[in-house]
Structure formats: C-alpha cells, structure tokens
2 protein chains.
Amino acid sequence: MMLTAHRAPDRNAYRIPAAVLAAPAATPDTLLEPLGPGVQTVRFDRDEEVFFQGGQAVDCFEVVAGCVRTVRLLEDGRRYIGEFLFPGDVLGCEMAGQYEFGAEAVTPTTLRRYRISAVEERAARDLGFAQRLRRHSACQVRQAWGRMILLGRKTAAERIASFLLEMRDRIVPSARGAFREAFELPMSRGDIADYLGLTTETVCRGLAELRQRGVIAVNRAHVTVLDAAGLTHAGSDQVH
Amino acid sequence: MMLTAHRAPDRNAYRIPAAVLAAPAATPDTLLEPLGPGVQTVRFDRDEEVFFQGGQAVDCFEVVAGCVRTVRLLEDGRRYIGEFLFPGDVLGCEMAGQYEFGAEAVTPTTLRRYRISAVEERAARDLGFAQRLRRHSACQVRQAWGRMILLGRKTAAERIASFLLEMRDRIVPSARGAFREAFELPMSRGDIADYLGLTTETVCRGLAELRQRGVIAVNRAHVTVLDAAGLTHAGSDQVH
DNA sequence: CGCGGAGTTGACCTAAATCAACCACGGTGG
DNA sequence: CCACCGTGGTTGATTTAGGTCAACTCCGCG
C-alpha cells in the first residue's frame with residue numbers, strides 16, 4: 001500500500017512501545033486502516049481548520065501527509081497546543097459529544113476521514129480492533145503525563161531541549177538519505193511556544209542558547225542536532 | 001453492594017460524561033467490579049507507597065476509601081503530582097511494562113488490587129468491559145488536556161481556583177448532610193503545589209487572596225466555597 | 001525595489017520562586 | 001495540666017526566570 005511510503009518504516013505508527021507490541025500476526029499498518037475501504041481523503045491548506053473546538057464530534061482523522069496541530073483557546077485569546085500530529089498519527093477518535101479542542105493544518109495536509117460512529121461500531125464487534133484502540137488511548141495517557149511534568153516543572157531551556165528531541169524522533173527527514181539528526185520543523189516559533197507554554201521570544205532565546213553552546217545548528221525551520229547527548233542532558237529527559 | 005456508600009450517588013464513578021453514557025442496561029457499579037470476586041483488599045498508611053516509579057507494572061487498583069496521589073520525579077528532586085484519586089477512581093490500568101509514575105497514599109487508604117494481566121485478559125474476551133475500559137482511557141486523555149492548558153497557560157491564581165472547583169466536585173463531604181460547598185482537602189499545600197506546578201508559598205498566597213476577596217473560607221484543610229460563580233470566573237474554567 | 005511577516009535580539013518589568021521568619025496547632029512527656 | 005517541640009501553614013522581603021514591549025533583520029514576493 002502506497003501510504004506506508006509516508007511513514008518511517010522502523011517506527012511504530014501509533015506509538016505503542018515495544019513492550020506492548022506483543023501483537024497478533026496480522027496487525028494492520030495503521031490504527032484505523034481496518035475501517036477502509038470507502039474512506040474519504042481530504043486536503044487542507046496551511047492554517048485551515050480541520051474541526052473546531054466545541055463542534056459536534058462526528059469525524060476522526062488519520063494523517064497521511066503534512067502536520068496538524070490541536071489547539072485549545074481560553075476566551076481571552078491565550079492559546080495552548082495539545083499536540084502536533086504527523087503521518088500515521090490519529091486524531092479525534094477519543095472524542096465524545098463535542099470536540100474538546102480544535103485542529104488546524106500546520107502545513108498543507110492530507111488526511112483520511114472516518115466517522116467516529118464507525119470506529120465505535122467496529123470496536124463493538126472486533127476485539128482486536130478494540131484492543132488496539134485501547135492501547136492507543138493508553139499511550140496517549142502516558143504521553144500526556146510526560147507533557148505535564150514538562151509543563152509543570154521544567155525550565156524554558158529544558159522544555160525546548162525536550163521538544164527538539166521529540167521532533168527529532170518524530171519528523172521523518174524530507175530529503176532522501178538525510179540523516180536522522182537533521183530535520184525541518186514544520187511549525188512556527190509561535191506554535192512551538194504555545195506547545196511548550198512559553199512565548200515566541202523565549203523559544204528563540206532558548207534555541208540561540210543551544211546554538212551558541214554548539215549543541216544544535218538552527219536556521220529558521222532547519223535544525224541539526226550536533227550533540228545528542230548534550231541535548232538529552234539539557235532536556236532532563238532521563239529514561240529513569 | 002456496600003462499596004457504593006463510599007461514592008457520591010449522583011456522580012459517575014469513572015468520570016464518563018453523560019453524553020457517552022448511552023450504556024447497556026447492566027452497567028457495573030465500578031470500572032473493575034466485573035473482575036471480582038477473589039479480589040484482594042489492601043490498606044496503606046499515610047505517605048506509604050502503593051507502587052513506585054519504574055517498577056514492574058503488575059497490579060492496578062481501585063480506590064475504596066481515602067486518597068491516593070500519583071507522583072513523577074525528576075532526578076534532581078523536582079516532583080510533579082499527576083492526579084489525586086478518590087473512592088471509585090482507578091489507578092494504573094493503562095500501564096504497560098513499567099509504572100511510569102509512583103503512587104502514594106495521601107491519607108490512610110483502602111484499595112482493591114487487581115492484576116493488570118487479568119484486566120487485559122478480561123478485555124480480550126468481554127466487549128462491554130473493553131468498551132468501558134476504552135472510555136475510561138478516553139476520559140483520562142480528555143482530562144489530561146484540561147490539565148495541560150492549566151499548566152501551560154494559566155496564572156497561579158487561576159490554577160488555584162480551578163483546583164478548588166475540581167476538589168469541590170470530587171470530594172464527598174465527610175459530615176453527613178454537609179453541603180457540597182464545604183469539604184476537607186486531604187492533601188498538604190505542598191501536594192497541591194506539585195499538582196499545579198507551583199510552590200507551597202504561592203498556593204498559600206493564592207488561597208489567602210481568595211479568602212480576602214470573600215470567595216472562599218479556608219482554615220487548614222477545611223474549605224468552604226462562598227461564591228461559586230466568583231470562583232468559576234477566577235478559574236477561567238468556562239464551559240466554552 | 002519596497003513591502004510584510006516571521007524570526008531574532010535587546011531593555012525592561014512582573015509574577016512567581018526563593019529565602020527567611022514566624023505562627024498555630026497537636027502531640028508528648030514532665 | 002501545661003510547657004515544649006515539631007511539623008505544616010502563613011506571611012514578608014528579595015531575587016529571578018521568563019514575559020512584555022520595541023527595534024531591527026532577513027527573506028520571499030509582488
């Protein structure tokens with residue numbers, strides 16, 4: 001299937017750690033694949049809204065290409081970005097009733113659209129599918145906990161280092177043969193700031209600091225990790 | 001069953017919003033109840049460890065009485081509290097492999113202990129059970145998102161107000177007939193601080209501020225919400 | 001060539017952390 | 001029965017990380 005070309009072959013698409021991957025032989029390629037065929041493919045331009053906070057939750061999506069952000073707003077305009085989604089990631093399938101946050105395309109994006117009701121209906125009769133869904137949510141929960149200690153207890157510098165490490169592991173280098181330590185950030189500094197609970201300026205200063213210390217090279221969107229160990233240390237991301 | 005006496009009758013124990021509760025008739029009382037009988041009941045003293053961060057994840061728990069906190073530590077001692085658990089809440093059942101955080105008793109606590117493997121095994125053959133588990137994780141994910149905007153974008157005063165609102169809704173007044181706006185906080189100011197990403201002192205000052213404005217009355221553990229609307233406003237917890 | 005928006009850098013300010021008393025109880029033991 | 005701690009809570013003074021405001025740079029584009 002051509003879709004797999006969009007994903008890094010060695011990484012598991014729905015982020016299930018190796019320990020949980022004692023999966024049965026015929027695991028589908030992506031979480032929602034079993035719901036095809038008859039799936040709609042939809043495209044969104046940069047900054048276009050995929051769905052909005054408070055809207056009736058009817059569809060969920062799988063990213064085929066591009067990058068999507070989820071956003072929550074406080075009424076005075078403060079914005080928080082819940083996560084960035086890359087090819088293979090799934091969006092909105094734990095929503096019930098209303099979307100609790102909005103979703104917008106960071107770059108021109110291709111998504112596959114599924115009905116949440118179809119997901120629910122399938123889960124109600126297919127145990128394997130239900131199990132994979134459950135594991136997906138469990139992963140989301142564990143990831144969320146990681147984000148909380150980042151937001152609650154880490155300094156600006158640590159958050160930025162952690163962010164770079166996360167992106168290094170999640171962004172597939174666009175250039176064929178480009179090595180893993182070099183990648184293009186699809187999102188703006190403002191997006192990064194709203195993801196990390198900081199401001200644009202603080203993100204810039206943090207990146208500048210890391211550059212001056214020779215840990216990374218940055219030029220606009222292009223980032224190269226020069227000293228991975230140094231970056232891991234700067235992020236306090238010990239694998240306890 | 002006697003356990004229900006420990007829970008507020010009008011609130012759904014595993015926090016599934018009404019919209020999702022289109023449940024089949026015979027819904028069990030608590031999430032893990034179907035796994036009984038033969039469940040062990042275990043007790044923990046104040047500050048005793050239920051399980052520790054990094055340990056092999058084999059058991060999960062349901063709170064019968066008392067209050068439990070989940071803790072994550074950075075190696076330099078910074079602490080973050082993921083959540084407080086009250087009677088009816090369930091703990092650790094989305095763990096795979098290792099516990100990603102520790103759990104400690106905030107007060108003397110009674111828990112029912114289940115094997116994670118038993119939960120998995122039951123989920124693998126009981127669709128209804130799997131569905132409830134899945135909804136439980138989905139709720140956890142949605143709650144986590146709420147916590148993230150709190151940590152990433154709210155001021156100290158707003159966090160404290162939000163916290164009080166959460167506790168008002170989750171803590172069952174101990175005194176029979178005590179009205180809902182008065183409750184006892186089982187956790188210390190330090191615990192609250194680590195839950196909100198603040199310090200003890202800032203929590204104290206925030207509470208003092210709300211007291212001076214006549215929004216609440218506080219005396220040590222005892223809190224009374226005098227002006228619920230004012231508190232909601234102070235917390236920026238609009239129901240969008 | 002001039003415009004406009006993202007990114008960067010600098011100067012300054014403020015919310016919350018840190019550091020330091022101090023208070024208010026709830027035991028404990030004389 | 002009451003003095004004595006000790007622990008958690010509160011309040012005040014000071015410091016600081018990061019936010020705010022403002023200038024300026026660097027492209028990309030018509």
Side-chain angles (χ1 to χ4, degrees), chain A residues 45-47 67 69 74 76-81 106-108 150-164 184-213 216-223 234 236, chain B residues 45-47 67 69 74 76-81 104 106-107 150-164 184-213 216-223 234 236:
Chain A
D45 283 338
R46 190 168 179 280
D47 291 330
C67 176
R69 62 178 173 251
L74 297 178
D76 63 359
R78 277 175 288 179
R79 187 177 79 142
Y80 179 70
I81 292 187
V106 173
T107 61
L150 178 142
L151 293 168
R153 284 292 175 237
K154 286 192 187 178
T155 65
E158 289 169 331
R159 295 182 203 197
I160 292 162
S162 296
F163 171 77
L164 290 173
E184 303 287 323
L185 294 174
M187 70 293 283
S188 72
R189 297 293 190 264
D191 284 347
I192 299 173
D194 285 339
Y195 183 62
L196 299 177
L198 300 171
T199 59
T200 320
E201 294 92 326
T202 306
V203 171
C204 278
R205 283 189 251 269
L207 292 173
E209 165 77 18
L210 288 169
R211 174 159 28 88
Q212 279 151 32
R213 284 179 23 215
I216 57 168
V218 219
N219 187 288
R220 296 272 170 145
H222 191 77
V223 176
S236 296
Chain B
D45 283 338
R46 189 167 179 278
D47 290 331
C67 176
R69 63 178 171 250
L74 297 178
D76 64 358
R78 278 175 287 178
R79 186 177 81 143
Y80 179 69
I81 292 187
E104 301 162 359
V106 173
T107 61
L150 178 141
L151 293 168
R153 284 290 176 239
K154 286 192 187 177
T155 65
E158 289 168 331
R159 294 180 203 198
I160 293 162
S162 296
F163 171 77
L164 290 173
E184 303 287 323
L185 293 175
M187 70 293 283
S188 72
R189 298 293 191 263
D191 284 347
I192 299 173
D194 285 340
Y195 182 63
L196 299 178
L198 301 171
T199 59
T200 320
E201 294 92 326
T202 306
V203 171
C204 279
R205 283 188 250 268
L207 291 173
E209 166 77 19
L210 288 171
R211 173 159 30 86
Q212 279 151 33
R213 283 177 26 214
I216 57 168
V218 218
N219 189 287
R220 295 273 168 145
H222 190 77
V223 175
S236 296

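The structure displayed is predicted, hence computed values, not measured ones.
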**Request:** May I ask you to check whether A:K154 and A:S236 show a side-chain donor-acceptor distance below 3.5 Å?
**Result:**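 Side-chain D/A pair, A:K154 to A:S236: absent.
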**Item:** Interface limits on DNA chain D, where chain B has a heavy atom under 4.0 Å of a nucleotide atom
**Value:**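 So the outermost contacting nucleotides come out as D:dG8 to D:dA13.
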**Asked** What do the steps show when you test A:L196 against A:I81 for side chain to side chain contact (heavy atoms under 4.5 Å, CB included), and what is the final call?
**Response** CA-CA 8 Å; A:L196 299 177; A:I81 292 187; over 6 Å; no
Gap between atom [atom2] of [Y] and atom [atom1] of [X] - 0.5 Å precision:
{"X": "B:R211", "Y": "B:N219", "atom1": "CZ", "atom2": "CG", "value": "8.5 Å"}
{"X": "B:L150", "Y": "B:F163", "atom1": "CG", "atom2": "CZ", "value": "10.5 Å"}
{"X": "A:R69", "Y": "A:T107", "atom1": "CZ", "atom2": "OG1", "value": "10.0 Å"}
{"X": "A:E201", "Y": "A:R205", "atom1": "CD", "atom2": "CZ", "value": "6.0 Å"}

**Request:** Could you tell me whether the side chain of A:D76 and the main chain of A:R78 form a donor-acceptor pair under 3.5 Å?
**Result:**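 Flag set: sc A:D76 to bb A:R78 pair under 3.5 Å.
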**Complete:** In 5'-to-3' order, the base (B), backbone-only (S) or no-contact (-) status of each nucleotide in nucleotides 11-23 of chain C, using a 4.0 angstrom heavy-atom cut-off, is B----SSBB----
**Asked** Heavy atoms, side chains only, cut-off 4.5 Å: are B:R189 and B:L207 in contact?
**Response**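 Result yes, sub-4.5 Å side-chain heavy-atom pair found.
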**Prompt:** So, do B:E104 and B:R46 sit near enough that their side-chain heavy atoms are less than 4.5 Å apart?
**Reply:**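 They are not in contact (no side-chain heavy atoms under 4.5 Å apart), so the answer is no.
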**Between C:dG5 (P) and A:R189 (CZ): distance, integer Å** =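 Taking CZ of A:R189 and P of C:dG5, I get 18 Å after rounding.
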**Item:** Dot-bracket notation for DNA chain D, counting Watson-Crick and G-U pairs under 3.5 Å, with | for partners on another strand
**Value:** ||||||||||||||||||||||||||||||
**Message:** Looking at every non-hydrogen atom in both residues, tell me the closest pair between A:R153 and B:G197 and how far apart they are.
**Reply:**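 Scanning both residues completely, I find the closest heavy atoms to be NH1-C, 3.4 Å.
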